[in-house]
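Scroll down for the structure; my scribbles are underneath it.
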Amino acid sequence: MAEQKQNNANIFLKLFIALMFFIGFLVFMYPFIANGVNNYVAQKELNAVNQLNQSNQKASAKKLEKLIKKTNKSQKKINNLVYHLSRISWGKRWKMYPRRVESTIKSTR
């Protein structure tokens, strides 16, 4: 019976040592495993954000293209208006002060 108790204690001691060794191994490996898991999660989040950005970029490009076309049309109208106003303005000045304007034009050349 004493031999049985000693045998049970010996098995218990061997299991306890094996359990402590396994726990120590897990504690040792924790930083590596945690780093790998964090990198995996971060990569998944980045992929999701990149997909969202790509879809937003396409929509933004379409909006920007429409805005550029609209701006170009309005800019052409403004340029045309400025051109005609300047012709009208110079025409009036030319009639009112033909010599002064003519001499100014010659002096700037």
Side-chain angles (χ1 to χ4, degrees):
M1 186 99 148
E3 199 173 291
Q4 182 82 15
K5 285 184 181 180
Q6 189 177 16
N7 210 5
N8 284 341
N10 200 7
I11 291 174
F12 176 73
L13 186 60
K14 287 181 181 180
L15 284 176
F16 181 74
I17 291 172
L19 181 65
M20 286 294 124
F21 180 78
F22 185 70
I23 290 173
F25 178 74
L26 290 178
V27 168
F28 172 76
M29 292 301 292
Y30 172 77
F32 303 106
I33 294 170
N35 190 23
V37 169
N38 287 336
N39 285 337
Y40 178 77
V41 170
Q43 190 64 39
K44 289 294 181 183
E45 289 176 357
L46 283 175
N47 288 341
V49 169
N50 284 339
Q51 287 177 351
L52 184 62
N53 283 340
Q54 286 176 351
S55 64
N56 287 343
Q57 185 179 10
K58 290 177 184 177
S60 295
K62 288 180 183 178
K63 288 180 183 178
L64 184 61
E65 190 175 321
K66 288 179 183 178
L67 183 63
I68 288 171
K69 286 180 182 179
K70 185 179 178 181
T71 305
N72 285 343
K73 287 180 183 178
S74 64
Q75 188 64 39
K76 285 180 184 178
K77 288 179 184 178
I78 291 171
N79 288 344
N80 198 11
L81 181 62
V82 168
Y83 172 74
H84 289 295
L85 287 176
S86 67
R87 288 192 61 181
I88 291 170
S89 174
W90 274 105
K92 287 181 182 177
R93 287 184 192 153
W94 193 268
K95 288 176 186 173
M96 293 174 71
Y97 312 104
R99 292 185 185 145
R100 189 181 295 169
V101 172
E102 192 172 299
S103 64
T104 307
I105 291 173
K106 288 180 182 178
S107 66
T108 57
R109 288 183 185 175

NZ-CG distance between Lys69 and Asn72, expressed to the nearest 0.5 angstrom: 10.0 Å
Where the side chain of Asn35 meets the backbone of Pro31, is there a donor-acceptor pair that is under 3.5 Å apart? no
With rounding to the nearest 0.5 angstrom, report the CD to CD1 distance, Gln75 to Ile68. 13.0 Å
Any chain of hydrophobic side-chain contacts (each under 4.5 Å) joining Phe16 to Ile23? yes
Going from CG on Asn50 to CD on Gln43, what distance comes out if it is rounded to the nearest 0.5 angstrom? 8.5 Å
In Å and rounded to the nearest 0.5 Å, what is the CE to CD1 distance from Met20 to Ile17? 10.0 Å
Here the gap from Asn10 atom CG to Leu15 atom CG, rounded to the nearest 0.5 Å, amounts to 10.0 Å
According to a 4.5 Å side-chain heavy-atom criterion applied to Ile, Leu, Val, Met, Phe, Trp and Tyr, with indirect links allowed, do Ile33 and Phe25 form part of one hydrophobic cluster? yes
Identify whether Phe21 and Phe28 are in the same connected component of the hydrophobic contact network (ILVMFWY, side-chain heavy atoms under 4.5 Å). no
